[in-house]
Amino acid sequence: MCGIVGYIGPKSIESVLLVGLQKLEYRGYDSAGMAVMNSGEMVTRKAVGKIAELEKQLKNQPLIGNTGIAHTRWATHGEPSMINAHPHLNSQRNIAVVHNGIFENYAKLKAELIDDGFVFLSETDTEVAPHLMEKYIEEGFAPDEAFVRMLKRVEGQYALAAITEKEERKIYFARKGSPLIVARGNNEFLIASDIPAVVPIAHEAIYLDDNQWGYITEKGISIFDLSGGEVTPQWEPVSVSVEDVEKGDFEYLMLKEIYEQPDVFERVFKQRVDDAFIHFPELKFGKEYLARVGRILIQACGTSLNAGMIGRMYLEQYAHISAETDYSSEWRYRNPLASGDSLVVGISQSGETADTLAGVREAKAKFMRVLSFLNNINSTMARESDAMIHLMAGQEIGVASTKAFTAQVLNLLFFSLYVGSIKWLLPAEERREVLNEILALPEKMRSILKNHDRIKQIAEFLKDKNDTIFLGRTYNYPSALEGALKLKEISYIHASGYAGGEFKHGPLALVSDNVPVVIIAPQGDIRGKMISNLKEAQSRKGTIISIITEGDEEIKKESDYYIEIPPCMESISPLLVAIPLQLLAYYTAIARGCDVDRPRNLAKSVTVE
Ligand code: F6R
C-alpha cells in the first residue's frame, strides 16, 4: 500500500525513480508522483492512474537533478486525484514529503496549522507534514531539527521521505510502523518501501527499525533514534536478483509465481528434510518448549488465513495439539483467552500486514509467546515475534498470493510433523509415509502445470458468469475458500467457498443453470460426501466443474468439466488442488481482459487497518 522511492546519485533521476516505482506497482496504487531538486529548485510531476501516465508527462517535461523522491499512492484519505497525489508541498513549495501510512491526529494538526495561516490544498493526512516542517523552519530551526519536530508531532504509523530546497542534497527519511529500507550502490544511495525497488542498483541495504530517522546524502547515510542518539548502520547484502522481480518469459508475474511452486518446494526440502528428519534451523524455540505447547491460536488474513486453516488440521492430526484459527482483524479485538501453554501463530507473506502485526502485538501484550510463519524475514513481524519460520517462497510480487500460499501450507505441515515427532506422538513410520508423499509433490505439480490447456477451456466457459460456488470438505474446505478468493480478486467474478456439509444449510439456494459449482473431490474419506454435494448441485441445474484424482471415472461422468490431479494422500491434497484453482482464476481473469498483477482496489501488502 503506497510505495516510496528516493534516490541521490549520478544516474538519471527520472529513470531511477520511475523504475523504482514500477517495481513497487505490486503494492497497489491509484496515482503516482515525484519531486526532484532541479538546479536548486523543487519541481514535481504527478499523474492519476498508472505510472505510464507519469512517464508520458516526464517525456514532455523531463526532470533533471540528482536528488529526488517518488511515490505511488493507494488512496485512504481523499479520492485518487492530482491534488491528493504525493509528493505534498508546503505553501512556499520548497519542502516535499511522501508518506506511506496514516497520521491519526492529522485533523487536529491541520486545524492548528490553518489557524496559523497555512493553506491546505489536498484532503490528505500527509499534507500536515510539509506545513509542520515549514512552521519549524520559520521558527528558526534547521531542516534536520524541523524534520524531527514534525515527527514528534504526528501520531500513527508512517514511512516518510522529504526533501527541502534548503538542504538540496539530502533526503530525509523516517519509519514508524510502515516498512522502509535504505540501500547503496556505487556512490549512490536510495530509500524504498521494499527491496524490489532498489534491486537494479543496490548491493547492500539496511532494514530500518521503528522510530528511526535519518538522511542520505551523496556521501553516505546517517541514522538516529528519536532522542537524537546515532544508530550504527547494519548493512546486509541484497540477496534478491533482477530475475526474481521480473516476469521473464511469462505474461504476468502471477503466472511465473504459479510455475515456480515445484522449485520452491524443492528449495524448502533441501533446508528442511534430511534422511527422514525435519529441521527448522531458524526456529528459536527449543524442543522442550514445543513439546509442552497445549494449544495453538492461528491468526492471519486472507490467503494466509486459508493456509492457516489447513495448518490447524495438520497440527491436530500430526502434532496432536488443539488448534484454532481466526481473522487477525477479529482476533485482536475479541479479547481471546489463553493459558500459559498457548502459542500464538501469525502467518504472513509480507510480515507487514497491519492486522496480523497488531495480533502479534496483542498476543505479546497478554504475555503469550508468538511464532510467525513469514516469507519476508526482514519484516516487522519477524522482529517482533518470539520465533520465526521462514517460508522460503522467494520474493512474491503478484498481488494474488500463490507460491506463498503453498509454501505456508508446506511449512505448517513440516512444523506439525516436527512437533509430533518431538512429542513422540507421531510414529516414525507414519512420518516417513507422509514425507515420501511430500517429496513426490514437485513432480506431481509439474504434471498439473503441463495440462493447463484443459483449465484454459474451462476458463472460457467461466468468464461469462457472474457467480461461482466452490465446495470442499475437511482439508479441502480451506482450498474452496482459497479458490473462491483467487477467482474473485483477479477476475472480479463473485465467488464464495463453502464447507460441503454446509451447502444444504443455505448456499444451495444460490444454485441455478447460471451458477457453476466447483466440487473439490480428490480421493480419500470425504470423496463420497463430495459426490452427494455434486448431485445436490446437479439436480438444481448447476454446471459442475470437478477437481478429482486421475482416473476417477465415476465423478468424470457426472461432471460438465473436470480437472485431474495425480493421486496423493488426502491430507496433502490441498497442495496439489491449489494449482488448478490458481490457474482457473488466472485464465478466467485473462479471458475477461483483467490485469491480473494489478487487480483493482487491491494492494499486495495491507499495511493499514
Ligand atoms: C490474496 C492475498 C491476500 C493476503 C492477505 C495477507 O491473494 O494475497 O489475501 O494473503 O492480505 O497478506 P500477508 O500474507 O502478507 O499477511
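Order of appearance sets the numbers: ligands from 1, and atoms from 1 within every ligand.
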Quiz prompt | Proximity of Glu352 to ligand 1 by residue part, where a heavy atom lies under 4.0 Å | solution = neither
Self-check item: Proximal ligand 1 atoms for Val399, defined as those under 4.0 Å from one of its heavy atoms
Solution: 7 (O), 8 (O)
Quiz prompt | Test: Arg446 and Asp263 ion pair at under 4.0 Å | solution = yes
Exercise. Give yes or no for whether the N/O distance cutoff of 3.5 Å, strictly under, is met between Glu489 and ligand 1.
Key: yes
Quiz item: Of all the non-hydrogen atoms in the protein, which one sits nearest to atom 5 (C) of ligand 1, and at what distance?
Solution: Cys301 O, 3.6 Å
Practice problem: Working to the nearest 0.5 Å, report the span between CD of Gln582 and OG of Ser401. | Solution: 8.0 Å
Self-check item: Nearest non-hydrogen protein atom, atom 15 (O) of ligand 1
Solution: Ser350 OG, 2.7 Å
Quiz item: Hey, is Arg272 close enough to Glu282 for a salt bridge, meaning N to O under 4.0 Å?
Solution: yes
Quiz item: Quick check, are the ring centers of Tyr498 and Phe470 under 6.0 angstrom apart?
Solution: no
Quiz item: Does Ser385 use its side chain to pair, donor to acceptor, with the backbone of Ala382 at less than 3.5 Å?
Solution: no
Quiz item: Does an N or O anywhere in Lys486 fall below 3.5 Å from an N or O of ligand 1?
Solution: yes
Exercise. For Ser304, counting its heavy atoms only, list the atoms of ligand 1 lying under 4.0 Å from any of them.
Key: 10 (O), 13 (P), 14 (O)
Exercise. Name the closest protein heavy atom to atom 2 (C) of ligand 1, giving the residue it belongs to and the distance to 0.1 Å.
Key: Thr303 OG1, 3.7 Å
Quiz prompt | N or O contact, Lys604 vs ligand 1, cut-off under 3.5 Å | solution = no
Practice problem: Please write down residue, atom name and distance for the protein heavy atom closest to atom 16 (O) of ligand 1. | Solution: Thr353 OG1, 2.4 Å
Quiz item: Using a distance-only test with no angle check, is there a side-chain donor-acceptor pair under 3.5 angstrom linking Gln299 and Asp326?
Solution: no
Practice problem: Verify whether one side chain among Lys403 and Asn375 offers a donor that lies under 3.5 Å from an acceptor in the other. | Solution: no
Practice problem: Look at Glu324 together with Arg295 and state whether they make a salt bridge at an N to O cut-off of under 4.0 Å. | Solution: yes
Quiz item: Counting from 1, what ligand 1 atoms have a heavy atom of Gly302 closer than 4.0 Å?
Solution: 9 (O)
Quiz item: Out of Tyr252, Phe250, Tyr586, which one pairs with Tyr259 under the ring pair (Phe, Tyr, Trp, His ring centres under 6.0 Å) rule?
Solution: Phe250
Quiz item: For ligand 1, which atoms have a heavy atom of Ala400 less than 4.0 angstrom away?
Solution: 7 (O)
Quiz item: What is the closest protein heavy atom to atom 11 (O) of ligand 1, and at what distance does it sit?
Solution: Val606 CG2, 4.2 Å
